[in-house]
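Values below: all heavy atoms of this structure, side chains included; hydrogens, waters and symmetry mates excluded. By convention in this document, chain letters (A, B, ...) are assigned in the order of the sequence lines, proteins followed by strands, and residues within each chain are numbered from 1.
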Amino acid sequence: KQEVTQIPAALSVPEGENLVLNCSFTDSAIYNLQWFRQDPGKGLTSLLLIQSSQREQTSGRLNASLDKSSGRSTLYIAASQPGDSATYLCATTGANSKLTFGKGITLSVRP
Amino acid sequence: DTAVSQTPKYLVTQMGNDKSIKCEQNLGHDTMYWYKQDSKKFLKIMFSYNNKELIINETVPNRFSPKSPDKAHLNLHINSLELGDSAVYFCASIGGLAGSYNEQFFGPGTRLTVL
């Protein structure tokens, strides 16, 4: 059974700082890994999807990496801004396109 | 032009009532899902349907009954609502069951509060 872990549960950084959010998973038999953003009281916004054959994906100030063999993924956010404050969730895709989510990291970027 | 839509957005009801949440996707996807996000914000899959056929049922109480009238719709009916059912329910869809390499698209969520 897949387990996805995100530590720490919360993170507070000053504006402008580069930061890394970590995600680990127990079963490396995944199709892909997705990073989502969730604002308070809102739905999920997909940020990046990394296929199992890929090592990383980039979108703007975001870069996600995947090391399937070690069961790890990171989301790198460059030059953080207060608008980046949200909860970031990672999720692995397994059989039947079933997503298994981590509990998320709540990021606060201080002006 | 919403890709995955859910109604209602908010639902407040009394314990013991029966209620339904509706989901529709206009993406032409074959597979749809229901997820539950509890008070601790943990998201967990409940059901998945592919072309109106149930393919995932994650040990959800049988008070929850998904219904898929066609592949663009997946509704969730809940009988005898309990306090613990209070959560945000998200619908999602993906193109093709074998399309596990594809991105899942999520609806905006339905916040259910049971009093």
Quick check on B/Q6 against chain A: is it the side chain, the backbone, both or neither that has a heavy atom closer than 4.5 Å? neither
Taking atom CZ as the centre, does A/R55 end up with more than 12 heavy-atom neighbours from other residues, nucleotides or ligands that are less than 6.0 angstrom away? no
For A/Q34 and B/Q104, work out which heavy atoms get closest and say how close. OE1-N, 3.5 Å
Looking at CG of A/L99 and OH of B/Y33, how far apart are the two atoms once the value is rounded to the nearest 0.5 Å? 7.0 Å
Segment of B/I56 engaging chain A (4.5 angstrom heavy-atom cut-off): side chain
Would A/L19 end up clustered with A/L48 when hydrophobic side chains under 4.5 Å apart are linked, directly or stepwise? yes
Please walk me through it: do B/I45 and A/T100 pass side-chain contact (heavy atoms from CB on, under 4.5 Å)? CA-CA 7 Å; B/I45 191 168; A/T100 303; over 6 Å; no
Please determine, among B/E58, B/K41, B/K44, B/K40, the option with the most heavy-atom pairs under 4.5 Å with chain A. B/E58
hydrophobic_cluster_shared for A/L33 and A/I77, side chain cutoff 4.5 Å: yes
Exactly one candidate in B/F90, B/Y35, B/F106, B/F105 meets ring pair (Phe, Tyr, Trp, His ring centres under 6.0 Å) with A/F36; the answer is B/F106
Does one hydrophobic cluster hold both A/Y88 and A/V20, with members joined at side-chain heavy-atom distances below 4.5 Å? no
For the atom pair NZ (A/K103) and CG (B/D38), what is the distance rounded to the nearest 0.5 Å? 8.0 Å
For the hydrophobic clusters of this structure (ILVMFWY residues joined by side-chain heavy atoms under 4.5 Å, transitively), does one cluster hold both B/M46 and A/V4? no
Take a 6.0 Å sphere around CD of B/E53 and say whether it holds more than 12 heavy atoms from other residues, nucleotides or ligands. no
